[in-house]
Protein chains: 2
Amino acid sequence: MSDLRTTLRGQGRRMTAQRAAVYAALCAASGHPTAEELFFAVRGHLPGISLATVYNTLDTLVDGGLAVKIPGDGAARYDPLCFPHGHTRCAVCGTLGNLPERDITAVLSEIPLPTGFQARAVTMEVEGVCADCAGRGH
Amino acid sequence: MSDLRTTLRGQGRRMTAQRAAVYAALCAASGHPTAEELFFAVRGHLPGISLATVYNTLDTLVDGGLAVKIPGDGAARYDPLCFPHGHTRCAVCGTLGNLPERDITAVLSEIPLPTGFQARAVTMEVEGVCADCAGRGH
DNA sequence: CTCCGTGCAAATCGTTTGCACACAG
DNA sequence: CTGTGTGCAAACGATTTGCACGGAG
């Protein structure tokens, strides 16, 4: 969890209680929460916060490189960015998980890109069946 | 472009002019069209088709493994499935491109998965700046 | 003949926006 | 002080749904 205040400064932005709370909730979350899930989590601590502010804050965090937005079928999910990593998505229960800590940008060196394309980042998602769902017979 | 009728049969579904037209338009599209783009493309041939039908058909194609849905920031984009491949997304103009033809499922063998996770498919997206946008100085 | 698929319009869902006030710097 | 961030409610865009009719099998 990097220094939020410093990052915001670098963007010419201000530190607020709402931003601190959303960032803390995102870092504390076990999985990959949606904006709405974060909204409810933060509400316990800051009862007056609005969903719009959560969305604004998440955009700010993504801009500042502190989080990643993962669009999916319904609501987008967010991931606090610590290192570049891929995700697993269970086709049965929909749960997102992290791929083990290994820099996935390494695969870039193994993959030929279109001529002239300047790569900046890689996202990877492995779809399958998670251990829990496989255990229940799928 | 596989046999649509056969695939639909396998799903216990019926062949219709609308499904044929949407599938043809998807295969003919140069890039990765949205549902709405396909709607307008198909309208030239089937003036009465509705957007809802395009969405229904795309779901059917995805179910049958003939297409892939690529959710993004605005509308989702669709890709006719010929072989497993990754995508490039230009951060400037937003264009989606295909990674050169190479089976990306190969990377699965190089990446440790969470214990018990049974992988079925991999999606990969490389974000960066495409040749066109880089040429204009970005 | 039987249903599945269609077209239409309205409903829904996630997200964004406009505005007036609050507070960080 | 000065403007950026906030909360609220309304607006918005993408997708889904309910319903009655039409056509595939």
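All chains are named by letter (A, B, ...) in the order of the sequence lines, taking the proteins before the strands, and each is independently numbered beginning at 1. Just so we're clear, the structure is a prediction, and the values are computed from it rather than from any experiment.
In this structure, Q18(B) reaches the dG7(C) phosphate: one of its side-chain N or O atoms is under 4.0 Å from OP1 or OP2. The phosphate of dT6(D) (OP1 or OP2) has no side-chain N or O of S50(A) nearer than 4.0 angstrom.
The interatomic distance linking F39(B) (CZ) with dT16(D) (C1') rounds to 15 Å, in whole Å. Between the CZ atom of R19(B) and the C1' atom of dG7(C) there is a distance of 14 Å, given to the nearest Å. When rounded to the nearest whole Å, the span between CG of D73(B) and P of dG13(D) equals 15 Å.
Evaluation of the side-chain hydrogen bond (donor to acceptor under 3.5 Å, both in side chains) rule for S30(B) yields no partner, not counting sequence neighbours. Shown here are the side-chain contact (heavy atoms from CB on, under 4.5 Å) partners of A75(A), two or more places apart in sequence or in another chain: T34(A). Remark: T6(B) engages D3(B) in a side-chain hydrogen bond (donor to acceptor under 3.5 Å, both in side chains) (not counting sequence neighbours). Scanning for side-chain hydrogen bond (donor to acceptor under 3.5 Å, both in side chains) contacts around E125(A) gives R89(A), with sequence neighbours left out. S50(B) meets the side-chain hydrogen bond (donor to acceptor under 3.5 Å, both in side chains) test with T53(B); sequence neighbours excluded.
Residue pairs meeting the ring-ring contact (aromatic ring centres under 6.0 Å, His included) criterion with at least one member in residues 32-59 of chain A, sequence neighbours excluded, are H32(A)-H87(A). Sorted by first and then second residue, the salt bridge (Lys or Arg N to Asp or Glu O under 4.0 Å) pairs involving residues 13-37 of chain A (not counting sequence neighbours) are R13(A)-D63(A), E37(A)-R77(A).
The rotation axes computed at either terminus of the helix from dC1(C)-dG25(D) to dG25(C)-dC1(D) lie 50° apart, taking five pairs at each end and rounding to 10 degrees.
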Open item on the list: Output one letter per nucleotide in nucleotides 13-25 of chain C: B when a protein non-hydrogen atom lies under 4.0 Å from the base, S when only the sugar-phosphate is that close, - when neither is.
Closed with: -SBBB------BS
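Counting non-hydrogen atoms under 4.0 angstrom, G48(A) reaches the backbone sugars and phosphates but no base.
Side-chain contact between N56(A) and Q18(A): absent, with no pair of heavy atoms (C-beta onward) separated by less than 4.5 Å.
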